[in-house]
Trainee: 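One structure coming up, written as structure tokens, with questions to follow.
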Amino acid sequence: MRCAAALLALLFAPVAAHAQEVAPPPKAEPRFCPNRPDLGSGACTTDPGRVLLEFSALDWQRQRGGGSKVDDIRIGDLLARTGIDNRTELQLSAAVVGIVRERGDTRRSATSVGDLRVAVRRNVRNPDGDGLAIAIEPFAVLPTGKQPIGAGDWAAGVALPIGYDLGGRWSLGFTGELAAAVDGDGEGRHASVLGILGLGYAITSTVGVVGEVALRRDSDPAGATTEAATALSLAWEPRPGLQWDVLAVAGLNRSSPDFRFAIGGAILF
């Protein structure tokens with residue numbers, strides 16, 4: 001009997017040892033941090049090998065002034081982001097269809113694709129967006145669209161997205177941007193400086209809201225302007241890697257568009 005018991009213990013020892021092994025840790029969810037629907041940009045980057053597609057089903061902006069009313073409508077505004085390494089992503093964005101309609105003393109209507117924006121985001125702190133996250137994002141805009149949907153010439157600049165987790169449900173974000181923007185007549189470039197400050201709140205684990213203020217100084221030789229606006233956006237994530245969202249923007253001075261409304265979403269592949 002003693003020999004049989006010893007033999008059984010020897011046979012089942014590997015099975016018992018295997019059962020006592022620590023189970024492998026669960027795989028972390030892939031990063032999912034869309035720029036939209038906020039006015040600003042996040043410092044988080046997309047995982048290598050992943051593609052994050054952000055889109056607007058409708059983006060409508062209206063501006064009144066000088067006896068005219070101008071509607072700028074973008075349909076299928078797309079942004080594709082793909083991770084190059086753990087801290088770097090490539091971005092391509094353009095509007096599939098852009099429509100500008102002006103009514104007043106003069107009436108005109110134009111339809112075209114939008115300009116192509118190419119950017120590289122390099123995170124320098126916390127690529128997953130946790131804690132204090134900082135990134136630098138140089139970009140160039142190529143004149144693929146016709147005026148007035150497109151700018152008429154190339155532009156370039158650099159953005160600085162910064163995010164900070166305030167603890168609990170609150171977060172703070174800032175996006176600064178310095179650009180060589182195209183002059184209003186489509187010839188030459190001038191300095192344009194943008195600052196966006198946002199405060200986010202997670203209503204639930206899947207629903208979040210962000211309030212923002214934005215200030216832009218545009219030094220166009222035809223007439224320098226300062227635009228000021230406030231925005232409110234809401235995002236819903238029904239499942240990991242999928243988001244639906246809405247954005248509303250109101251101008252705060254005469255130089256700014258009166259309002260802007262956008263609805264769309266994001267999906268991670």
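Here the structure is a predicted model, which means the values were calculated and not measured.
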Trainee: Which residues, ordered by chain and number, are linked to Val141 in its hydrophobic cluster, where ILVMFWY side chains connect at heavy-atom gaps below 4.5 Å, directly or through other members?
Mentor: Phe139
Trainee: Please enumerate all residues that pass side-chain contact (heavy atoms from CB on, under 4.5 Å) together with Leu90, with sequence neighbours excluded.
Mentor: Thr82, Ile84, Val118, Val120
Trainee: Give the C-alpha distance, both sets of side-chain angles, the deciding distance and a yes or no for side chain to side chain contact (heavy atoms under 4.5 Å, CB included) between Gln91 and Arg117.
Mentor: CA-CA 8 Å; Gln91 303 178 2; Arg117 182 182 185 273; 3.5 Å; yes
Trainee: If you look at every heavy atom in Gln147 and Gly186, which pair is closest and at what distance?
Mentor: NE2-CA, 3.7 Å
Trainee: Going through the checks in order, is the side-chain hydrogen bond (donor to acceptor under 3.5 Å, both in side chains) test met by Ser255 and Glu227?
Mentor: CA-CA 5 Å; Ser255 298; Glu227 298 180 7; over 6 Å; no
Trainee: Other members of the hydrophobic cluster containing Leu52, with the 4.5 Å side-chain heavy-atom rule, please.
Mentor: Phe32, Leu268
Trainee: Please check if the side chain of Ser56 supplies one atom and the backbone of Gly264 the other of a donor-acceptor pair under 3.5 Å.
Mentor: no
Trainee: Could you note down all residue pairs passing disulfide (SG to SG under 2.5 Å) where residues 235-269 supplies at least one of them, sequence neighbours left out?
Mentor: none
Trainee: Once you round to the nearest 0.5 Å, how far does OG of Ser219 lie from CZ of Arg189?
Mentor: 15.0 Å
Trainee: Filter on salt bridge (charged side-chain N to carboxylate O under 4.0 Å, His left out), then keep only pairs touching residues 57-71, sequence neighbours left out; what's left?
Mentor: Asp59-Arg260, Arg62-Asp71, Arg64-Asp258, Asp71-Arg103
Trainee: Restricting to pairs with a member in residues 247-269, which pass ring-ring contact (aromatic ring centres under 6.0 Å, His included), not counting sequence neighbours?
Mentor: Trp60-Phe259
Trainee: Considering all heavy atoms of both residues, which atom of Pro34 and which atom of Glu54 are nearest to each other, and what is their separation?
Mentor: CA-OE2, 3.4 Å
Trainee: Kindly write out the residues that satisfy salt bridge (Lys or Arg N to Asp or Glu O under 4.0 Å) with Arg36, not counting sequence neighbours, or none if the list is empty.
Mentor: Asp245
Trainee: Name each donor-acceptor pair under 3.5 Å that joins a side chain in residues 158-169 to protein atoms two or more places apart or in another chain, with its distance.
Mentor:
from	atom 1	to	atom 2	distance (Å)
Asp165	OD1	Gly167	N	2.9
Arg169	NH1	Ala202	O	2.9
Arg169	NH1	Ile203	O	2.7

Trainee: So, does Ser112 use its side chain to make a donor-acceptor pair with the main chain of Lys146 at under 3.5 Å?
Mentor: yes
Trainee: Same hydrophobic cluster for Val113 and Leu58, using side-chain heavy-atom links shorter than 4.5 Å among ILVMFWY?
Mentor: no
Trainee: Would a 4.5 Å heavy-atom cut-off, applied to side chains only, mark Leu197 and Leu172 as touching?
Mentor: yes
Trainee: On a heavy-atom basis, which atom in Asp85 and which in Thr88 lie closest, and how many Å separate them?
Mentor: OD1-N, 2.8 Å
Trainee: Check salt bridge (Lys or Arg N to Asp or Glu O under 4.0 Å) between Asp38 and all other residues, then give those that pass, not counting sequence neighbours.
Mentor: none
Trainee: Do Ile267 and Val246 share a hydrophobic cluster (ILVMFWY, side-chain heavy atoms under 4.5 Å, transitive)?
Mentor: yes
Trainee: Would the distance check show the side chain of Asp218 and the main-chain N or O of Val193 forming a donor-acceptor pair, the cut-off being under 3.5 Å?
Mentor: no
Trainee: Which heavy atom of Pro48 sits nearest to which heavy atom of Asn86, and what is that distance?
Mentor: CG-N, 3.7 Å
Trainee: Are side-chain heavy atoms of Val97 and Thr111 found at a separation under 4.5 Å?
Mentor: yes
Trainee: Which label fits Tyr201 and Trp170: parallel for a plane angle under 30°, tilted from 30 to 60°, or perpendicular past 60°?
Mentor: tilted
Trainee: How many angstroms lie between atom CG of Asp115 and atom CG of Asp153, to the nearest 0.5 angstrom?
Mentor: 9.5 Å
Trainee: Considering all heavy atoms of both residues, which atom of Gln243 and which atom of Pro238 are nearest to each other, and what is their separation?
Mentor: CA-CD, 4.4 Å
Trainee: Would Ile75 and Val96 satisfy side chain to side chain contact (heavy atoms under 4.5 Å, CB included), going step by step from the backbone distance to the final call?
Mentor: CA-CA 6 Å; Ile75 300 173; Val96 175; over 6 Å; no
Trainee: Please output the side-chain donor-acceptor pairs of residues 208-217 that fall under 3.5 Å, not counting sequence neighbours, one pair per line with the distance.
Mentor:
from	atom 1	to	atom 2	distance (Å)
Glu212	OE1	Leu39	N	2.8
Glu212	OE2	Leu39	N	3.3
Glu212	OE2	Gly40	N	3.1
Arg216	NH1	Ser192	OG	3.2
Arg217	NH1	Thr226	OG1	2.7

Trainee: Could you go through Leu79 and Phe55, starting from their C-alpha distance and side-chain angles, then the distance that decides it, and tell me whether this counts as side chain to side chain contact (heavy atoms under 4.5 Å, CB included)?
Mentor: CA-CA 6 Å; Leu79 166 62; Phe55 58 91; over 6 Å; no
Trainee: Quick check for you: to the nearest 0.5 Å, what is the distance between Thr45 atom OG1 and Arg122 atom CZ?
Mentor: 8.5 Å
Trainee: Following the transitive rule for hydrophobic clusters with a side-chain heavy-atom cut-off under 4.5 Å over Ile, Leu, Val, Met, Phe, Trp and Tyr, establish whether Leu199 and Leu247 coincide in one cluster.
Mentor: no
Trainee: Between Val249 and Leu252, is there a shared hydrophobic cluster once you connect ILVMFWY residues whose side-chain heavy atoms come closer than 4.5 Å?
Mentor: no
Trainee: I need the minimum non-hydrogen distance between Arg125 and Asn123, along with the two atoms involved.
Mentor: N-OD1, 2.9 Å
Trainee: Suppose the criterion is disulfide (SG to SG under 2.5 Å): which pairs have a residue in residues 40-155, not counting sequence neighbours?
Mentor: Cys33-Cys44
Trainee: Evaluate the side-chain proximity of Ser256 to Gln63: yes if any heavy-atom separation is below 4.5 Å, no if none is.
Mentor: no
Trainee: For Arg108, is there any backbone N or O sitting under 3.5 Å from a side-chain donor or acceptor partner on Glu102?
Mentor: no
Trainee: Same cluster or not: are Ile263 and Leu78 linked, directly or through other Ile, Leu, Val, Met, Phe, Trp or Tyr residues, by side-chain heavy atoms under 4.5 angstrom apart?
Mentor: yes
Trainee: I'd like to know if the side chain of Asp220 and the backbone of Ala222 have a donor-acceptor N/O pair within less than 3.5 Å.
Mentor: yes
Trainee: State whether the side chain of Arg87 and the backbone N or O of Arg121 hold a donor-acceptor pair below 3.5 Å, judged by distance alone.
Mentor: no
Trainee: Test side chain to side chain contact (heavy atoms under 4.5 Å, CB included) on Leu234 and Val207 and set out the steps.
Mentor: CA-CA 7 Å; Leu234 181 71; Val207 179; 3.8 Å; yes
Trainee: Scan the side chains in residues 175-183 for donor-acceptor partners under 3.5 Å anywhere in the protein, sequence neighbours excluded, and list what turns up.
Mentor:
from	atom 1	to	atom 2	distance (Å)
Thr175	OG1	Ser41	N	2.9
Thr175	OG1	Ser41	O	3.2
Asp183	OD1	His190	ND1	2.7

Trainee: To the nearest 0.5 Å, how far apart are CG in Asp128 and CG in Asp47?
Mentor: 9.5 Å
